[in-house]
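On a predicted model such as this, the values are computed, not experimentally measured, just so you know. Positions are given from 1, in the same order as the sequence printed here.
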Amino acid sequence: MLVAGLGAPAHAAGYADPTISLSATHLSGAVGAYGDPAVTVDVEQAGVPAGFLRLRVVSSSNPAVAGPGDVRQERTRSGDRALTVRPRTQGYTDLTLEVTGRGGRTARATLSYAASAQVGGAPATRYLTGSSDASAAVDVGRGHVLVADDESNVLRLYDRSRSGAPVKTWDLGPALGWKKEADIEAAARVGDTVYWTGSLGNNKDGKYKAERNTVFTTRITGSGAATEVVFGSAYKGLREDLTAWDAEHGNRYGFAAGTAAGQTPKQIDGFNLEGLEFAPGSTTTAYLGFRAPLAPAALGGKALVVPVVNMDRVLAQGAGAVFGEPIEMDLGGLAVRDIRKNAADQYLILAGSFAADDNSDPYALYQWDGVPGHAPKKRVDLPTADPGGWEAVVNVPDLRIPGARVQLITDSGAADLYGEGKEAKDLDHPEWKKSRAAWFTLG
């Protein structure tokens, strides 16, 4: 006859089972990356200091991606363990973690890990997890950035220097009155106020969605990791203002046709807004940068910027938009994907295709002084060998300094990050969704 427990060491009965818990059960990284995200592992056993507990990785479901020897652990100040993974190749694996406590008692947990492929410029690349569809970014100081994406109404605060999850998030859907995404595509900051705009265009099926016809403001308090965001006001008629203005001027840019039922937005003659910034020295005149249409709507056409001369009153008072003289600029046949300036009114225009959501067409950065009629100058062609389309400029350095560096963020929603044929926006776990932030030196 066997009695339970008789085979255990005599001292084991005096100890409780240990416990193991993870700050996240899913984690992503990249081959050859610097500063990959970490997961914190909390190990405990009643009456036993955490430092006496042994944590190890005992198995991997796919050692070709990462095995037990590819996992590093460091002790935190609180006695927990921070785990990072150095993957060998792109793909997925489940890592089994085991904690051993006093009395030989053990507990296990599983960390599901996903590794994306190595990218060029890895030392200057970081990954912002929680969303793959970054679409607009605003510098909030002290090394942090506020990021919007075009698949939700959530703003996320990230540490610009580290890969990982957002420090804080704010869901503005309830304040906007929308359950569906506003398709946020651009932002501009004036003091403590940030102006955000949806694309204003139809959805990918050519259908009008009211949520996308939204411009709104938020107010920022604090800075860095202490940043807080408060909703301000919204205006939901800019699309109609633009089409009426264009009609009054002979339908010069075809806005009515570009917004017609059945018209998809990312066509050369479509209607899609992706840039927003204020004019030099102004807190009232905002530049709207269009991804589509080109002017004229033909290959090699110019990029279109339309000034709104009363943007402050549009949001503060609900006044109808008043437009200035449109600006057409030669970006080598590319359109505006973002536009950002610094305090010295030096502008960078992120130029890209009117059509591509990925890296299949060229991207470039152009410098501009913000003065209508003055031609922008190309500063650098951007790499397109890796997944994701360049979508947002975080901030603009002093462009007079040789070797100035700028950080850009991708929209990677359409990318197959893990080699399985699945778009990142459709991944099951937010920890596996990510956009890429990279630093570039301007030539």
- Sorted by first residue and then second, give each salt bridge (Lys or Arg N to Asp or Glu O under 4.0 Å) pair with at least one member in residues 253-263; sequence neighbours left out. none
- Partner set under salt bridge (Lys or Arg N to Asp or Glu O under 4.0 Å) for Arg189, not counting sequence neighbours: Asp192
- Task: Report the residues that fulfil salt bridge (Lys or Arg N to Asp or Glu O under 4.0 Å) with Asp411, sequence neighbours left out, ordered by chain and then residue number.
- Result: none
Under 3.5 Å, is there a donor-acceptor pair linking the side chains of [X] and [Y]?
| X | Y | result |
| --- | --- | --- |
| Thr243 | Glu240 | no |
| Asn62 | Thr93 | no |
| Asp133 | Ser131 | no |

side-chain contact (heavy atoms from CB on, under 4.5 Å) with [X]: which residues, sequence neighbours excluded?
| X | result |
| --- | --- |
| Ala30 | Ala33, Ser116, Tyr127, Lys434 |
| Thr218 | Leu155, Leu172, Val194, Trp196, Phe216, Val229 |
| Arg77 | none |
| Glu423 | Ala414, Lys425, Asp426 |

Any residue meeting ring-ring contact (aromatic ring centres under 6.0 Å, His included) with [X], in chain and number order, not counting sequence neighbours:
| X | result |
| --- | --- |
| His374 | none |
| Trp170 | none |
| Tyr366 | none |

- Query: Less than 4.0 Å between a side-chain N and a carboxylate O, is that true for Arg156 and Asp149?
  - Reply: yes
- ring-ring contact (aromatic ring centres under 6.0 Å, His included) partners of residues 262-304, not counting sequence neighbours, each pair once: Tyr195-Phe278, Phe255-Phe271, Phe255-Phe290, Phe271-Phe290, Tyr287-Trp368
Let me check something: any side-chain donor-acceptor pairs from residues 333-344 under 3.5 Å, sequence neighbours excluded? List them with distances.
residue	atom	partner	partner atom	Å
Arg337	NE	Glu274	OE1	3.1
Arg337	NH1	Ser353	O	2.8
Arg337	NH1	Ala356	O	3.3
Arg337	NH2	Ala356	O	3.4
Arg337	NH2	Glu391	OE1	3.3
Asp338	OD2	Val393	N	2.7
Arg340	NH1	Ala187	O	2.9
Arg340	NH1	Glu277	OE2	3.1
Arg340	NH2	Ala137	O	3.0
Arg340	NH2	Ala187	O	3.0
Lys341	NZ	Ala279	O	3.1
Lys341	NZ	Asp345	OD1	2.9
Asn342	OD1	Ala344	N	3.0
Asn342	OD1	Asp345	N	3.2
Asn342	OD1	Gln346	N	2.9
Asn342	ND2	Gln346	OE1	2.7
Asn342	ND2	Pro397	O	3.0

